[in-house]
Every structure is written in C-alpha cells, then in structure tokens.
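This is a predicted model, so every value here is computed, not measured.
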Amino acid sequence: MRVNRILLSSALVVVALVIQVSVLARLHLPGAVPDLMLLTVLGLALVYGHVGGALVGFSAGLLADLAPPADHAAGRYALVLCVIGYLAGLVKPETGQLKSATGPMVVVVAAALGSTLLYAGVGALVGDTAARHVGLGSLLFTAALYDLLLAPFVVPGVMALARRAENDPLAEAGSAVKTTDISSGWLSGGTGLKIGSQRNGLRVKAARARMARAGRIKGVKRL
C-alpha cells in the first residue's frame, strides 16, 4: 500500500477503535453494538479496492482482537474484517465516485449481516456459544439497524478523506501521468473540468503567444 494510505488508514482505525471501546460499547444498547470499525473498513475498501480493503480489514480486526477488553481468541475479528474488506472492495466504483447512496447503504447492511454471521460461525468453531444465548436473529437485526443509522455519518467522511489523500506527493513517485482516478474526480468537485488538461492548455497558449510575439519582433527588425 502507498505511504499515505497506510498513515490515513492507521489514524482512522485507531480513532474508530477508541470511540468503539470508550463510547459505543458503553451505551448498553439492546442486541448488538454499533460497529464503527466495520464502517471505517467499508469506507476505505470502497476507495482502495479489494486488496487494500482486505489489508485494512485484517489490520483493523487484529488491533481490535488485541485491544482490551477483548475476550475472544486473537485473529477472530481480523478474519471477519479481512473477508468483509475484500468483498466490499470488489464493488468499488470504477470511476471512484458514487452516483447515489443506495449502493453504499446496501453494502453496509450486507456487511453488518455478513460480519455477524461470520463472527458467530467462527465462534462456534472455537467453542464460543455467546451468540446462542443472546439470540442470533436479534443480533442480526440490531447490527444491521445500528450500522445503517451510523453509516451516513461515517462512510462518506472516510471515503472523502481517502480520496483526498490520494493526492499525497509520497504516493507512488514512479507513476508519471495519472488519468481519470478518484483523486482527480474529487478535486474537480463536480465542475466537469480536468485540472491536468487545463494546465496543459495554459502552457500551450503561453507558448503560442511567445512565438507570435517573437515573429512580430522579427518583422519589425526586417523593416
């Protein structure tokens, strides 16, 4: 991954984990707990793609597994978020920009349900039967509901930060010319203008003006 992606992803994941543990986990809501870590991974995966989403998901999940007061086997949530990040990255928009909020909301609901089922399934394999006592149906419903309500406040902001960070000068110095990507789309901001084309056009006009000025000077000297 690029340096700017690693720095941004690390910062967002740490902030999400702190809020998850210190605030959301202490609300004592019925059923599941709003999963801010999951929403952060989804936002990054929708910008970075399936490979970046899997790497971010695994790192975020492993951090959550090791951070107190985690009471489950290390690597369990890392596996869940790695799979979710990979699958979410597969539906990344080709142009880097979303046409509507329907797609991301569907992804959030599917991710909430899938992560809950996968987490419960892995727990059953290692002997954790907590989901049976709480009720899997209640967990699925509340997880989808809470994440769906929280998503509009998290996912768009994470995606905007990720797109903006794509313009970091540390990002892949070997790449020469960037064609249509999410960073240029974010910079143009709906104006429909390509910044690179504008700069090239200005340079061509300036060169033509200098040539015309030089021609006029030569004509005066000949007279």
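Asp65 approaches Ala78 most closely through the heavy-atom pair OD2-N, 3.1 Å. Contact between Leu44 and Ser9 at its shortest, heavy atoms only, is CD1-OG, 3.8 Å. Shown here for Ser138 and Gly31, the closest heavy-atom pair between the two residues is OG-CA, 4.3 Å. Smallest separation of non-hydrogen atoms from Met105 and Ala151: CE-CB, 3.9 Å. Residues Met37 and Gln20 approach most closely at N-OE1, 3.6 Å, considering heavy atoms. Heavy atoms only, all atoms of each residue included: Val41 and Gly57 are closest at CG1-CA, 3.8 Å.
With a 4.5 Å cut-off on side-chain heavy atoms, Val154 and Leu36 count as touching.
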Task: side chain to side chain donor-acceptor pair (under 3.5 Å) between Asp35 and Tyr77, worked out - done: CA-CA 12 Å; Asp35 199 339; Tyr77 198 48; 2.3 Å; yes
TODO: Could you please spell out the steps behind the side chain to side chain contact (heavy atoms under 4.5 Å, CB included) verdict for Val108 and Leu42?
DONE: CA-CA 8 Å; Val108 169; Leu42 289 179; 4.1 Å; yes
Open item on the list: Go through it in stages, so that I can follow the logic: the residues are Leu24 and Leu27, the test is side chain to side chain contact (heavy atoms under 4.5 Å, CB included), and I'd like the CA-CA distance, side-chain angles, deciding distance and then a yes or no.
Closed with: CA-CA 5 Å; Leu24 298 180; Leu27 294 178; 4.0 Å; yes
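Ile6 contributes atom CD1, which lies 9.0 Å from atom OG of Ser59 (distance to the nearest 0.5 angstrom). The OH atom of Tyr48 sits 11.0 Å away from the CE atom of Met159 when rounded to the nearest 0.5 Å. Between the CD1 atom of Ile84 and the OG atom of Ser115 there is a distance of 5.5 Å, given to the nearest 0.5 Å. Of the inter-residue distances, the one linking Leu90 atom CG with Leu46 atom CG reads 10.5 Å to the nearest 0.5 angstrom. The line from CG of Leu113 to CG of Leu118 is 12.5 Å long, rounded to the nearest 0.5 Å.
Phe58 CZ: 12 or fewer foreign heavy atoms inside a 6.0 Å radius.
A side-chain donor-acceptor contact under 3.5 Å links Arg76 to the backbone of Tyr119. Checked by atom type and distance alone, the side chain of Thr142 pairs as donor or acceptor with a backbone atom of Leu139 at under 3.5 Å.
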